[in-house]
2 protein chains.
Amino acid sequence: MNAAGPAGRADRRRNRQRLLEAAEAVIERDGAQASLEEIARRAGVGSATLHRHFPSRHDLLNAVFHEGVERLGRRARELADSTAPCDALAMWLEELTTYTTTTRGLATALLSTPDGAIAAEDSCHGLLHHAAARLVADAEEAGVLRTEVTVHDLMALANAISLASDGDPDSAHRLLRLALGGVLKSSPAEHPPLSRAARNAP
Amino acid sequence: MNAAGPAGRADRRRNRQRLLEAAEAVIERDGAQASLEEIARRAGVGSATLHRHFPSRHDLLNAVFHEGVERLGRRARELADSTAPCDALAMWLEELTTYTTTTRGLATALLSTPDGAIAAEDSCHGLLHHAAARLVADAEEAGVLRTEVTVHDLMALANAISLASDGDPDSAHRLLRLALGGVLKSSPAEHPPLSRAARNAP
DNA sequence: CTACGATATGGGGGGCTCCTCCGTTTGTCC
DNA sequence: GGACAAACGGAGGAGCCCCCCATATCGTAG
């Protein structure tokens, strides 16, 4: 395994580290679909080595953003313990979107699940989901969440917003607050299911 | 120009049509980053021909979705003329997200501007923006929009939602209604700008 | 200090992509 | 029917991803 623990050969760890640094730089410039070849080149290793360390692009992205994501996880626990549920949730989501919008590629990476598999527990996706779950549960218990909002919904929404505002955190924050507070002043007239009509229309 | 009008040579128009059909099929299967080579192959033309008709991937996507987008534009006018502003806006956004989520690749295409240039007036982006503007203006005049919601905000939000719910219209609709109605029951405690604290935190 | 086996490496190659050049074919108008 | 502009298509350069396997390196046991 690539557990990166102190086990394994020294050069392996060294190369892994170099790859991560190179990846961080290139991803910052080119986003989630940076060239793996260039990353390997920049790290001074062969492309095969990159693939041995990170079998898929997703693995690489997970590793690159792991640290930041863990920080967000800790922050969630911190907020949950120190702040009123409603504010804790809102603040954390704001911090989350700040991170995902300023980090080129993370949002994209998070949005697409590892391809079929349910998000692994220690993937970025899994870690964030876990962190959010606590905040959502608290907010729900306090009765401040509107209807049946799921953790999944919120994460999807937050990610989508980051993705949509393409690198501009201010824009992302506006959209987030909009979504949290609601776009319309009143519920849109309780329009009945309307599914039939709307779904066939366009 | 590739105006596709009745002017120009017959084979040109014929090839353009074939390309569009092939593109529609391949994009439906592979999304916005479908292989241009395969599209050309499937249309029975050389890859150079594809590039002559559609210099960039964006141009091709615009052309493929042009019809559907125009339909949505007409629908917007129709709703604006027949329905209360608030409902008109909500219904149109629902129809929009239905279309963008069920159409693999459109959302992605719409999200990324033609690369630097301001959305051309007759691009999908431009057309939808224009259609939405009318509905937003009406809603604003009727006083049903919360705060300074811009057309741009709404389009970004709708696109983000489509993108996030990845092909599942029901999920998209849930998120949309959530965003329109608001996630939280009350505004999140009027937290002051909070920009400083939140922005540096993670 | 050395020798050895497990481990990790990297270059090269196959198969794919995008895009452009340029000789050739085709449609149209007289 | 012929001439000329317009459109075409294949070949080829540059890149990318990923895998194979001969080779170099590490860490340890003697």
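Below, chain A is the first sequence line, B the second, and so on; all start at residue 1.
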Donor-acceptor pair (no angle test) under 3.5 Å: B:Arg52 side chain, D:dG9 base: yes
N/O donor-acceptor pair, side chain B:Glu37 with base C:dC19, under 3.5 angstrom: yes
Distance-only donor-acceptor check, side chains B:Ser162 and B:Asn159, under 3.5 Å: no
Under-4.0 Å side-chain N/O to phosphate OP1/OP2 contact, B:Arg57 with C:dC18: yes
Closest to the B:His51 side chain, choosing from C:dC18, D:dC17, C:dG10: C:dC18
A:Arg16 vs C:dT9: side-chain N/O to OP1/OP2 distance below 4.0 Å: no
Under-4.0 Å side-chain N/O to phosphate OP1/OP2 contact, A:Asn15 with C:dT9: yes
Among D:dA7, C:dT9, C:dG27, the nucleotide that comes nearest once only the side chain of B:Arg14 is considered: C:dG27
Give me, pair by pair, the N or O atoms of the protein and of nucleotides 28-30 of chain D that are less than 3.5 Å apart, along with how far apart they are.
none

Donor-acceptor pair present, A:Arg9 side chain and C:dT7 base, under 3.5 Å: yes
Side chain of B:Ala10 (C-beta onward), nearest among C:dT28, D:dC18, D:dC8: C:dT28
B:Thr49 side chain near D:dG9 phosphate (N/O to OP1/OP2, under 4.0 Å): yes
Flag for B:Ser165-B:Asp168: side-chain donor and acceptor within less than 3.5 Å: no
Minimum-distance nucleotide to B:Ser35 side chain [options: C:dT9, D:dC17, C:dT17]: C:dT17
Nearest-neighbour nucleotide for the A:Asp11 side chain, C:dA8, C:dC18, D:dA11 considered: C:dA8
Below 4.0 Å: OP1/OP2 of D:dC16 and any side-chain N or O of A:Arg41: yes
